[in-house]
Amino acid sequence: MTSPRACWAAPGPSSSAGSCPTALNLAVFLLAVAPSLRGFGPLERLHGASGLGTGLTLLTGALLLGLVANACQNALYRLLEGYLLWPARAFEARCRRSRRSRAFLADRLTVLRLERREAEQGVLRTGDAEELAGLLADPRLARAAARDRRRTAVQRGLLRERFARFPIADDQIAPTRLGNAIRRFEEYGWDRYRLDTQLLWNELAGCVPDQIRRQSELARASVDFFVALLAGHVAVALTAALALAGGSRPDRLALVSTLVVLTLLVPVWYRSAVTATDEWAAAVRAMVNTGRKPLAASLGLALPQTLAAERDMWTMVSRLSRIPYHERAAALDRYRAEPTTDPA
C-alpha cells in the first residue's frame, strides 16, 4: 500500500465549499477586526468607498480568497492530519496515544459484546469468561464498562462509530483524529481486496457510475467546508490578536469577543469535519465495492471467481503501477481477459 497521504486524491471540491466559509470569515473580519485597523491603507480606501464599490470589493475578495484557500487545501489537510510541520517526537507520541485510544475503545466494545452474550446465553464459554474477567481486571476499563452499561443502544452505537474512525492496521494510525478518520477509508480497498485505491484512484473514479462519484464529491465538500471554516477562524483570530496588541485605536471589547468566540469555535468545526468523514468513507467504500469489476474490465482483466485470487490480482496491478516493469509482472497474464473480436 502506498504511504499515507494528507488528502484523498479525489476530484476537487465545489467552489462553494471554499467560497462560503471564506465569505463568512471575511465578514467577521470586516465587522469585528477591520474597524480597529483603520490606519491600514487598503482598509481606509474600502471604508471610503461607495456601497456598490464596497459590495463588489467584498465579493471579489471572497472569491479570490476562496481560490487561495482551495489551492492551499492539500497543505492544510496535511497539517490537520499530522503529516506536515509535525516534529518527529510529537508525531510518534500522538500516534502512540491514538493506538492506545483505539485499543481502549476496542476493549470497551469487547466487554459490551461478551456481557450481551452472557445475558443471552446465561453462561459464557471458558475462553470468553476468562477474556471478560481479564478485561474487567483493569480498573480504568472496569469504570468505563460501568458507564457503558448505563448507555442506551444509540449511545453504544456512537461508541462503535468512534471506533470505526480508526484504521484497521496499527501501522496506518495517524497522530490526529482527522488523520485517522481519513486514513480508515484510504486503506479500505487495500485491506479488503489489496486494491491500492490511492494509486489507482483516477482509474477507479472513471469506472464507477456518475451517481456514486457525485456522492463522493459531495461528501468531501462537507469536510472541505469545515476545514476551510476552521482555517479562516484561526486566521481572523490571529489578526484580532495582532490588532489588539499593536493597533493604534483598538476596539478592545469587539476584538476580545471575536478572539474568544473564534477560539471556542475552532474545535467545534474540527469535530464537525471528523464527523463529516463518515459520509465520505461510505461513498469511497461504495466506489471500491462497485467499481472493482468495471475497473478490471477497463484494464483488460477478468475478475477472478475467488476472493483470494482477486486479492492476488490487485496486488500485482498495484505493484505494476507503482514500480518499474519487471519480468515477474508477466504473472498478471493469467488474469487477462480473452480478447474480443469486433463484429464489424
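- Evaluation of the salt bridge (Lys or Arg N to Asp or Glu O under 4.0 Å) rule for Glu161 yields Arg165 as partners, not counting sequence neighbours.
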Identify each donor-acceptor pair in which a side-chain atom of residues 295-311 lies under 3.5 Å from a protein atom, sequence neighbours left out, and give them as a table.
unit_1 : atom_1 : unit_2 : atom_2 : d
Ser298 : OG     : Pro294 : O      : 3.4
Ser298 : OG     : Leu295 : O      : 2.7
Thr306 : OG1    : Ala309 : N      : 3.2
Glu310 : OE1    : Arg292 : NH2    : 3.2
Glu310 : OE2    : Arg292 : NE     : 2.5
Glu310 : OE2    : Arg292 : NH2    : 3.1
Glu310 : OE2    : Trp314 : NE1    : 3.1
Arg311 : NH1    : Asp191 : O      : 2.9
Arg311 : NH1    : Arg192 : O      : 2.8

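- Side-chain contact between Arg94 and Trp86 is present, with heavy atoms from C-beta onward closer than 4.5 Å.
- Residues that satisfy the side chain to side chain contact (heavy atoms under 4.5 Å, CB included) test with Ala282, not counting sequence neighbours, are Arg285.
- Using a 30° and 60° split on the angle between ring planes, Phe185 and Trp280 fall in the tilted class, from 30° to 60°.
- With sequence neighbours excluded, no residue forms a side-chain hydrogen bond (donor to acceptor under 3.5 Å, both in side chains) with Asp251.
- Expressed to the nearest 0.5 Å, how far CZ of Arg151 lies from CG of Leu112 amounts to 8.5 Å.
- When each of Val266, Thr258, Val260 is checked for a side-chain contact (heavy atoms from CB on, under 4.5 Å) with Leu262, only Thr258 meets the rule.
- Proximity of a side-chain donor or acceptor of Tyr77 to a complementary backbone N or O of Val227 within less than 3.5 Å is not detected.
- Taking the side chain to side chain contact (heavy atoms under 4.5 Å, CB included) definition, one finds that Leu320 meets it with Tyr325, Ala329, Leu332, sequence neighbours left out.
- In this structure Asp210 satisfies the side-chain hydrogen bond (donor to acceptor under 3.5 Å, both in side chains) test together with Arg213, sequence neighbours excluded.
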Mind listing the side-chain donor-acceptor pairs of residues 230-237 below 3.5 Å, one per line with the distance, residues two or more places apart or on another chain?
unit_1 : atom_1 : unit_2 : atom_2 : d
His233 : ND1    : Asn25  : OD1    : 2.6
His233 : ND1    : Leu229 : O      : 3.3
His233 : NE2    : Trp269 : NE1    : 3.0

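- Every residue two or more places apart in sequence or in another chain that forms a side chain to side chain contact (heavy atoms under 4.5 Å, CB included) with Arg116 is listed here: Arg113, Glu120.
- In this structure, the side chain to side chain contact (heavy atoms under 4.5 Å, CB included) partners of Val268, at least two apart in sequence or on a different chain, are Ser272.
- Contacts classified as salt bridge (Lys or Arg N to Asp or Glu O under 4.0 Å) and involving residues 96-107 (residues at least two apart or in different chains) are given here: Arg102-Asp170.
- With sequence neighbours left out, the salt bridge (Lys or Arg N to Asp or Glu O under 4.0 Å) criterion links Arg149 to Glu115.
- The closest donor-acceptor contact from the side chain of Thr277 to the backbone of Val274 lies under 3.5 Å.
- Residues meeting the salt bridge (Lys or Arg N to Asp or Glu O under 4.0 Å) test with Glu92, sequence neighbours left out: none.
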